[in-house]
Each structure stands twice: as C-alpha cells, then as structure tokens.
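Beneath this line is the structure, given in structure tokens, with notes to follow.
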Amino acid sequence: QVQLQESGPGLVKPSQTLSLTCAVSGSSITTSYYSWSWIRQPPGKELEWMGVIAYDGSTYYNPSLKSRTSISRDTSKNQFYLQLKSVTPEDTAVYYCARSEGLRVGSVKRDEYDYWGQGTQVTVSS
C-alpha cells in the first residue's frame with residue numbers, strides 16, 4: 001500500500017525558510033513514470049500547486065513561487081523535500097504531498113493524483 005507522510009515544523013517565523021519532508025512507502029520515487037508534487041491550501045482558499053519532482057529528478061515549479069521554492073529528494077531514504085524561502089504569513093497553509101502517474105504540472109485536480117499525504121499545517125507567525 002502506498003503511503004505518503006508529510007513532516008516538518010508547524011510554526012515558522014516570517015523571513016525564515018520552511019522545510020518539509022514527504023516520506024514515501026510502498027512506491028519508489030524513482031519508478032517510471034510517477035511524479036511527486038507539493039500542493040498547499042491556505043485557510044479559506046483553493047488548493048495551490050507548488051511544484052513537482054519527477055521520477056528522473058527533474059523539477060517544475062509554480063511560476064509565482066519559483067523564486068522561493070526548491071524541491072529535492074533523497075532516493076536512499078525514498079523521501080522528497082520542499083523548501084520555501086522568505087516566508088510570510090500568506091504562506092500559512094496546509095501542505096500536502098501527492099503522487100501522480102506522469103507529470104501534472106500545475107494541476108490541483110484531486111483525481112489526477114492517486115495518493116495524497118494527510119497534510120501538515122504550517123503557520124507563519126512571529
């Protein structure tokens with residue numbers, strides 16, 4: 001059974017870097033042609049796609065977040081990571097990691113992802 005589990009600090013101060021981990025079990029992050037995305041949902045707002053790392057390590061980002069976002073992976077741990085720099089209170093959200101077959105650049109359609117993590121709340125506040 002495929003499982004994704006997000007982890008990271010629940011509270012981040014403004015201007016700091018938010019770092020999250022998505023631990024994957026039941027599926028290798030290097031298996032063709034799966035891709036692994038980060039998606040967030042601010043309170044009262046729609047889902048926002050942040051970026052994706054494909055099975056081959058290639059990455060794609062939301063243009064509106066690209067200058068602050070980095071997605072990486074550790075294949076030995078079967079984990080992938082999100083870093084978001086210079087956070088502000090507007091980055092407060094529930095952050096999800098999700099798997100898709102093939103690339104889903106920009107997509108927030110739930111049915112285009114076959115597995116999701118349970119989400120982790122991140123609050124940006126001093």
Side-chain angles (χ1 to χ4, degrees):
Q1 182 178 357
V2 179
Q3 292 185 321
L4 288 78
Q5 177 73 54
E6 305 93 345
S7 63
L11 180 64
V12 183
K13 289 182 169 26
S15 80
Q16 291 187 341
T17 297
L18 181 166
S19 297
L20 296 177
T21 297
C22 183
V24 180
S25 60
S27 177
S28 171
I29 62 174
T30 61
T31 298
S32 306
Y33 294 94
Y34 292 118
S35 295
W36 307 87
S37 293
W38 286 100
I39 297 165
R40 69 181 182 179
Q41 187 165 29
K45 296 184 178 180
E46 300 294 317
L47 290 170
E48 179 180 32
W49 181 82
M50 301 185 70
V52 61
I53 186 164
Y55 69 97
D56 61 356
S58 56
T59 53
Y60 303 85
Y61 298 105
N62 184 327
S64 69
L65 298 170
K66 185 175 181 180
S67 63
R68 298 195 292 131
T69 306
S70 177
I71 297 176
S72 59
R73 67 181 184 174
D74 185 332
T75 57
S76 67
K77 295 181 179 179
N78 211 39
Q79 296 177 347
F80 64 107
Y81 311 101
L82 172 73
Q83 283 197 324
L84 183 65
K85 298 183 295 185
S86 304
V87 297
T88 72
E90 285 67 43
D91 293 309
T92 295
V94 177
Y95 286 75
Y96 298 94
C97 54
R99 189 187 83 164
S100 63
E101 290 189 36
L103 280 175
R104 296 288 181 262
V105 176
S107 175
V108 293
K109 296 179 181 179
R110 286 194 176 271
D111 60 2
E112 291 193 349
Y113 298 89
D114 54 1
Y115 291 97
W116 292 72
Q118 85 286 356
T120 187
Q121 173 70 48
V122 176
T123 300
V124 179
S125 175
S126 56

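Predicted, not measured: the structure shown is a model, and the values here were computed from it.
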Note to self: Using modelled atom types and a 3.5 Å cut-off, is there a donor and acceptor pairing between side-chain atoms of N62 and backbone atoms of G51?
What the structure shows: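 Checking the backbone N and O of G51 against the side chain of N62, no donor-acceptor pair under 3.5 Å is found.
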Among side-chain atoms of [X] and [Y], is any donor-acceptor pair under 3.5 angstrom?
X: E112; Y: S107; value: yes
X: Q41; Y: E46; value: no
X: Q83; Y: Y81; value: no
X: R99; Y: S35; value: no

Check: Residues in salt bridge (charged side-chain N to carboxylate O under 4.0 Å, His left out) with R73, at least two apart?
Finding: none
Are any of the side-chain heavy atoms of [X] and [Y] separated by less than 4.5 Å?
X: V24; Y: Q3; result: no
X: P14; Y: T88; result: no
X: L82; Y: E6; result: no

Next item on the list: State the OG1-CD distance between T92 and Q121, to the nearest 0.5 angstrom.
Entry: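 Those atoms lie 7.0 Å apart.
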Check: Quick one: CG on L103 to OG on S37, what's the gap to the nearest 0.5 Å?
Finding: 8.0 Å
Check: Are W36 and M50 connected, step by step, through hydrophobic side chains (Ile, Leu, Val, Met, Phe, Trp, Tyr) whose heavy atoms are closer than 4.5 Å?
Finding: yes
Checklist line | Qualifying residues under ring-ring contact (aromatic ring centres under 6.0 Å, His included), relative to Y61, sequence neighbours excluded | finding: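 In terms of ring-ring contact (aromatic ring centres under 6.0 Å, His included), with neighbours along the sequence ignored, Y61 is linked to no residue.
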Next item on the list: Please list, chain by chain and in numerical order, all residues satisfying ring-ring contact (aromatic ring centres under 6.0 Å, His included) with Y55, sequence neighbours excluded.
Entry: Y33
Item checked: Single hit among S28, S27, S100 for side-chain contact (heavy atoms from CB on, under 4.5 Å) with Y34 ->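 That would be S27; it is the only one of S28, S27, S100 passing the side-chain contact (heavy atoms from CB on, under 4.5 Å) with Y34.
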Next item on the list: Go through the steps to decide whether F80 and W38 satisfy the test side-chain contact (heavy atoms from CB on, under 4.5 Å), and finish with yes or no.
Entry: CA-CA 10 Å; F80 64 107; W38 286 100; 3.3 Å; yes
Taking all non-hydrogen atoms of both residues into account, name the closest pair between [X] and [Y] and its distance.
X: V122; Y: L20; answer: CG2-CD2, 4.1 Å
X: P9; Y: S19; answer: CD-O, 3.4 Å
X: T59; Y: I71; answer: CG2-O, 3.6 Å

Check: Considering residues at least two apart in sequence or located in another chain, which fulfil the side-chain hydrogen bond (donor to acceptor under 3.5 Å, both in side chains) criterion with S125?
Finding: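 Partners of S125 under the side-chain hydrogen bond (donor to acceptor under 3.5 Å, both in side chains) test: none.
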Item checked: Summary of salt bridge (charged side-chain N to carboxylate O under 4.0 Å, His left out) pairs that have at least one residue in residues 32-41, sequence neighbours excluded ->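 Counting only pairs at least two positions apart or across chains, the salt bridge (charged side-chain N to carboxylate O under 4.0 Å, His left out) contacts touching residues 32-41 are R40-E48, R40-D91.
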Next item on the list: Only pairs at least two apart or in different chains count here, so list each ring-ring contact (aromatic ring centres under 6.0 Å, His included) that has a residue in residues 103-126.
Entry: Y96-W116, Y113-W116
